[in-house]
Amino acid sequence: MAPPLDDTTRSIIKACVPALEAHGLAITTEMYCRLLANPAIRDLFNLSHQEDGAQPMALALAVLAYARNIDNLGAMAGAVERIAEKHVGLNIEPGHYPYVADALLGAIAQVLGDAATPEILEAWGKAYWFLADILIGREKQIYAAHAAAPGGWVGWRPFRVQARKAESESVTSFELVPEDGGPVMRHVPGQYLSFRLDVPGHGRERRNYSISSAPSADGYRISVRRIEGGIVSDWLHDSVREGTVLQVSAPAGEFTLMSATGPIVFLSAGVGLTPFMSMLADLTGSDAAQPPIHYIHTTRTPGTEAFGPAIRALAGRRRLQADIFYTRQAPQAAAPVPGVTCHEGRITPAWLRDRVDPNATYYICGPDGFMRDMVGALKEAGVPPAQVRYEFFGPADDPAL
């Protein structure tokens, strides 16, 4: 276990904040260059996040936040939990951490040059291992919980695609069952699965996909949007058929449905609706009393709207109220569905502020810009932060989030 950080170390870390503000992205970019030079470490990453710069930017923001909060690490608890869950999904082990330490300290030394004194490098070494020890301990707890859960497992488990279904022009669902025929761990609505995939012509890739089905001991469903030029999404849509076997790790993630007696509002854009499909299935899957649900979703056109029939069926049963926004095409003229209102355009912060329920819990999932706008609108409307929850598709690279 790493020793607690001493006053001198904390003072040096705080003094590095201006340097991180100026050079943090250069440091993390260099760090990833060093890590990805090792094939064993390279396979742990979603390389698309390297190509678009999202991962280095997200890490630069995280390192800066760590330095700024070095005297109040409780403020980092949410970020630590999110990182630990992602590490478990990717089957990160304690033995991987020294590689990261060497890459980080080497990058600091190279980017800062003579400014990276031995005292600064020693302080960052202590700060890194202090945080790493927290993460390793938490990840150990999560792995143990997975191993002990009925149907749970640790590591990669082969799953077979039992069925696939087009949910829209761009989204396809894949139903997965374990090859060994055994039960699976019941996920908590909102969690995701991590995949280790061998894509012909590209090699090994890692991806996370939200579970879009109700909790079950039999299997899972993921719903994947085809991304233009997306190596993995193209392969899944074009080549993965019934019978294909995929390597999957146990459900992970902290963006989960919390028990609540007050209203619930789901705010999603594009394929951000996938975790909400699991939450809705859990909330409406029985005749038990449920809180009022408001489902607000934006998509490009009626053709790109995934799970539209399911939402309208729930509205028809008075299980939810829905507002659907189409950004590139006016809503099609059709028989109105009670409880469903269709709009042309985007969900604007002003539209949301005008309809804020201060007693509701808000769940938000979509691109970072969409989440930034929605979170900002709710904050301006006075909704307490504890009632606003949001999920990142990939790295959290927006400072406002």
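Basis for what follows: all heavy atoms, side chains included, without hydrogens, waters or symmetry-related copies. Since this is a predicted model, take the numbers as computed values, not measurements.
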Exercise for review: For the pair Gln191 (side chain) and Thr256 (backbone), establish whether a donor and an acceptor sit closer than 3.5 Å, ignoring hydrogens and angles.
Suggested key: no

Review point. Can you tell if the side chain of Pro251 reaches within under 4.5 Å of the side chain of Tyr220, non-hydrogen atoms only?
Key: yes

Practice item. State whether a side-chain donor-acceptor pair under 3.5 Å links Arg221 with Ser212. Key: yes

Check your understanding: Hey, what do you get for CD1 (Ile12) to CH2 (Trp124), rounding to the nearest 0.5 Å?
Key -> 11.0 Å

Review point. Is there a donor-acceptor contact under 3.5 Å linking the side chains of Thr299 and Thr304?
Key: yes

Check your understanding: If you round to the nearest 0.5 Å, how far is CE of Met31 from CD1 of Ile108?
Key -> 9.5 Å

Review point. Heavy-atom count around Arg241 CZ within 6.0 Å, excluding the residue itself: above 12?
Key: yes

Check your understanding: Do the non-hydrogen side-chain atoms of Tyr295 and Arg319 ever get within less than 4.5 Å of each other?
Key -> no

Study note, to complete from the structure: Per side chain to side chain contact (heavy atoms under 4.5 Å, CB included), Ile296 is matched among Ile347, Thr341, Ile324 by Ile347

Review point. Under 4.5 Å between any side-chain heavy atoms of Phe195 and Leu236, yes or no?
Key: no

Practice item. Return yes if a side-chain donor-acceptor contact under 3.5 Å exists between Tyr192 and Glu85, otherwise no. Key: no

Point to revise | SB check Asp102 Arg34 (cutoff 4.0 Å) | key: no

**Study point:** Residues, nucleotides or ligands: over 12 heavy atoms within 6.0 Å of Tyr128 OH
**Key:** yes

Practice item. Show your reasoning for whether side-chain contact (heavy atoms from CB on, under 4.5 Å) applies to Leu44 and Leu90. Key: CA-CA 7 Å; Leu44 298 173; Leu90 294 170; 5.5 Å; no

Check your understanding: Less than 6.0 Å separating the ring centroids of Phe159 and Trp153?
Key -> yes

Review point. Is there side-chain contact between Thr298 and Phe370, with at least one heavy-atom pair below 4.5 Å?
Key: yes

**Study point:** Contact check, side chains of Thr9 and Ile70, non-hydrogen atoms, under 4.5 Å
**Key:** no

**Study point:** Any donor-acceptor pair under 3.5 Å from Arg312 side chain to Val340 backbone
**Key:** no

Practice item. Please work out whether the ring planes of Trp351 and His343 are parallel, tilted or perpendicular, with thresholds of 30° and 60°. Key: perpendicular

Review point. Is there a donor-acceptor pair under 3.5 Å between the side chain of His237 and the backbone N or O of Val224?
Key: yes

Study note, to complete from the structure: OH (Tyr66) and CG (Leu59) are apart, to the nearest 0.5 Å, by 12.5 Å

Point to revise | side-chain contact (heavy atoms from CB on, under 4.5 Å) between Val177 and Val184, worked out | key: CA-CA 8 Å; Val177 294; Val184 301; over 6 Å; no

Check your understanding: Phe276 versus Ser210: any side-chain heavy-atom pair under 4.5 Å?
Key -> no

Review point. How about Thr172 and Arg226: do any of their side-chain heavy atoms sit closer than 4.5 Å?
Key: no

**Study point:** Heavy-atom side-chain proximity of Arg353 to Val383 below 4.5 angstrom
**Key:** no

